[in-house]
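Okay, so here's the structure we're looking at.
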Amino acid sequence: MQERAVGFVFQHYALFKHLTVADNIAYGLNARKRSDRPAKAEIKKRVGDLLDLIKLSTFGDRYPSQLSGGQRQRIALARALAVEPRVLLLDEPFGALDAQVRKDLRRWLREIHDRTGQTTIFVTHDQDEALELSDRVAVLGNGRLEQVGTPDEVQEHPASPTVLKFLGDTIEVEAIAQGGHVLVNGRETPVSAPDGLVGPVKLYVRPWQLQFADAHEAHLEGFVRSSYRAQGRQRIEIDRPNGKLLVVEASDNARLAAGRPVGLKINNGYVFSN
Amino acid sequence: MSEAIAPADFPAAEASLRPPASVVTETGWVRWTLIAVAVAFLALFLVLPLVTVFAQAFAKGIGAYLAAFSEPDAHAAIKLTLITAAIAVPFNLVFGVTAAWAIAKFQFWGRDLLVTLIDLPFSVSPVVSGLIYVLVFGSQGLLGPWLIEHDIQIIFAVPGIVLATIFVTFPFVARQLIPLMQEQGTVEEEAALTLGATGWHAFRTVTLPNIRWGLLYAVLLCNARAMGEFGAVSVVSGHIRGLTNTLPLHVEILYNEYNFVASFAVASLLAGLALVTLVIKSVLEWRYADDIAAGARRH
């Protein structure tokens with residue numbers, strides 16, 4: 001770790017609790033051999049610059065126990081940046097913080113990154129975090145590297161069902177590929193099958209790629225179990241005849257009564273061979 | 001992790017956190033009985049003996065009291081006690097920190113055995129501890145012939161007293177530090193290493209500051225015990241006046257000679273040492289209250 005010059009930010013901050021914020025940030029510089037160590041004034045200036053960068057200029061004399069979780073993590077980042085690592089590794093840095101703070105810090109981290117140009121590896125389980133922050137995303141599943149690409153690439157052309165599922169809610173549908181088209185329950189969908197793919201396939205559909213439809217053009221059917229509103233949209237849970245639960249999103253405010261039969265049309269989706 | 005709020009920054013919050021005026025549900029007489037029992041117990045078992053020591057010491061006036069210390073034997077006993085503590089405490093300080101550090105921060109084969117061994121001096125009677133040294137280093141003992149051949153005297157001499165004291169006070173520092181260091185874990189050290197610190201630098205600047213209060217406390221206790229140890233030292237010392245008598249042994253000899261004033265006078269010195277130890281500890285805790293609180297507030 002030291003030889004590779006990797007800066008590390010821990011999930012639980014790991015600040016030195018007996019040192020002030022300024023001393024925490026200066027730690028890596030003070031730890032250097034006398035010959036490599038910058039002068040005292042130089043260190044002080046660096047610490048000041050970093051405190052400005054993380055917008056905690058007036059906090060230099062405080063102790064970590066006097067700070068909030070979000071502030072502590074900002075100090076941890078400044079401490080890691082102080083030694084000018086070649087790569088910065090952030091291991092779920094916002095994992096211990098609540099949702100609103102996470103969002104603020106995400107935006108803040110992006111700004112810091114744009115300003116410093118520091119190469120950063122950000123490890124997270126939160127797909128929104130990954131997609132918002134990164135220039136390139138690497139999706140790992142079961143110890144395997146599933147896909148590497150830009151956020152747009154992994155969203156538009158997911159390389160595997162694992163990637164697809166990681167990036168958001170999906171509905172898994174049994175389908176048949178035939179003549180370049182994908183059929184669900186014998187009805188053709190707008191989804192085209194890749195060349196050479198014939199026979200039973202798996203179709204993955206996002207909740208917003210479904211639409212309510214009349215029985216004669218529906219690909220899927222079922223009965224409304226319940227519906228509720230979340231973030232301005234209706235989420236409707238539907239029991240399918242095969243016993244599986246399906247959740248769709250709709251923008252209309254009309255609530256669907258429980259037990260009502262509904263049909264669903266597939267507007268788009270992702271095809272993978274079985 | 002819960003957010004610690006510094007009371008100083010939020011006086012209003014502190015006020016609201018204060019417990020309600022009355023959380024006591026016991027009736028008056030129950031309270032006063034409990035308090036009276038506790039006070040009586042303290043008085044009988046702690047205050048009274050302490051007062052008696054000083055009362056007896058000054059029973060025949062300050063002149064007699066001071067006379068007890070003007071004897072050459074008393075000087076020798078004080079000197080020997082100081083020498084013994086001056087060797088035993090630093091030795092156990094270094095050993096205790098090393099052992100606690102190894103046990104708390106690393107996993108290795110024989111770790112549990114080492115923990116058990118560190119406890120051994122506490123579980124063995126001090127007299128037995130002393131006897132072990134006699135059996136190993138005495139003239140009839142295991143290494144006896146070799147030691148005689150090389151003209152090295154350990155038993156009935158200062159080295160034996162120092163060894164016995166080290167053995168008896170062995171666990172103080174390690175025992176105090178192991179739980180503390182285990183609770184603190186290794187995250188801060190790992191952070192120090194990722195910032196380019198060497199292991200030694202991390203130990204000095206991260207591990208040691210984090211344990212300083214526990215360490216200070218342990219050293220004070222270790223010192224008090226090193227100066228006050230009787231059993232093990234009694235076995236290996238041989239009670240040679242002016243040569244191998246420590247303060248506690250000197251007290252016993254004087255007492256057996258019915259020289260009560262001198263005996264209690266010397267005892268008052270040991271009692272005074274205990275009081276000084278407590279005062280230093282309290283003063284340090286008061287002086288560095290903020291630091292201690294900062295350490296305690298980490299949860």
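Convention: sequence-line order gives letters A, B, ...; per-chain numbering from 1.
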Q: Measure A:F16 against the heavy atoms of chain B and call it side chain, backbone, both or neither at under 4.5 Å.
A: both
Q) Is the count of non-hydrogen atoms from other residues, nucleotides or ligands lying under 6.0 Å from A:K103 atom NZ greater than 12? A) no
Q: Might you point out which heavy atoms bring B:L195 and A:V83 nearest each other, and give the distance in Å?
A: O-CG1, 3.9 Å
Q) Is any side-chain heavy atom of B:E190 closer than 4.5 Å to a side-chain heavy atom of A:F8? A) no
(Q) For A:L15, which atoms come within 4.5 Å of any heavy atom of chain B: side chain, backbone, both, or neither? (A) backbone
Q | Which portion of A:R79 sits near chain B, non-hydrogen atoms under 4.5 angstrom | A | both
Q) Side chains of A:Y27 and B:H201: closer than 4.5 Å at any heavy-atom pair? A) yes
Q) Above 12 or not: heavy atoms from other molecules or residues under 6.0 Å from CZ of B:F41? A) no
Q) So, for A:H18 and B:P209, which heavy atoms are closest and what is the spacing to 0.1 Å? A) CD2-CB, 3.2 Å
Q: Over all heavy atoms of both residues, which pair between B:A191 and A:A14 is shortest? Give the atoms and the distance, please.
A: CB-O, 3.7 Å
(Q) For A:R206, I'd like to know if atom CZ has over 12 heavy atoms of other residues, nucleotides or ligands within 6.0 Å. (A) yes
**Q.** Heavy atoms from other residues, nucleotides or ligands near OH of B:Y217 exceed 12 (cutoff 6.0 Å)
**A.** no
(Q) Would you say CG of A:D36 has more than 12 non-hydrogen atoms from neighbouring residues, nucleotides or ligands within 6.0 angstrom? (A) yes
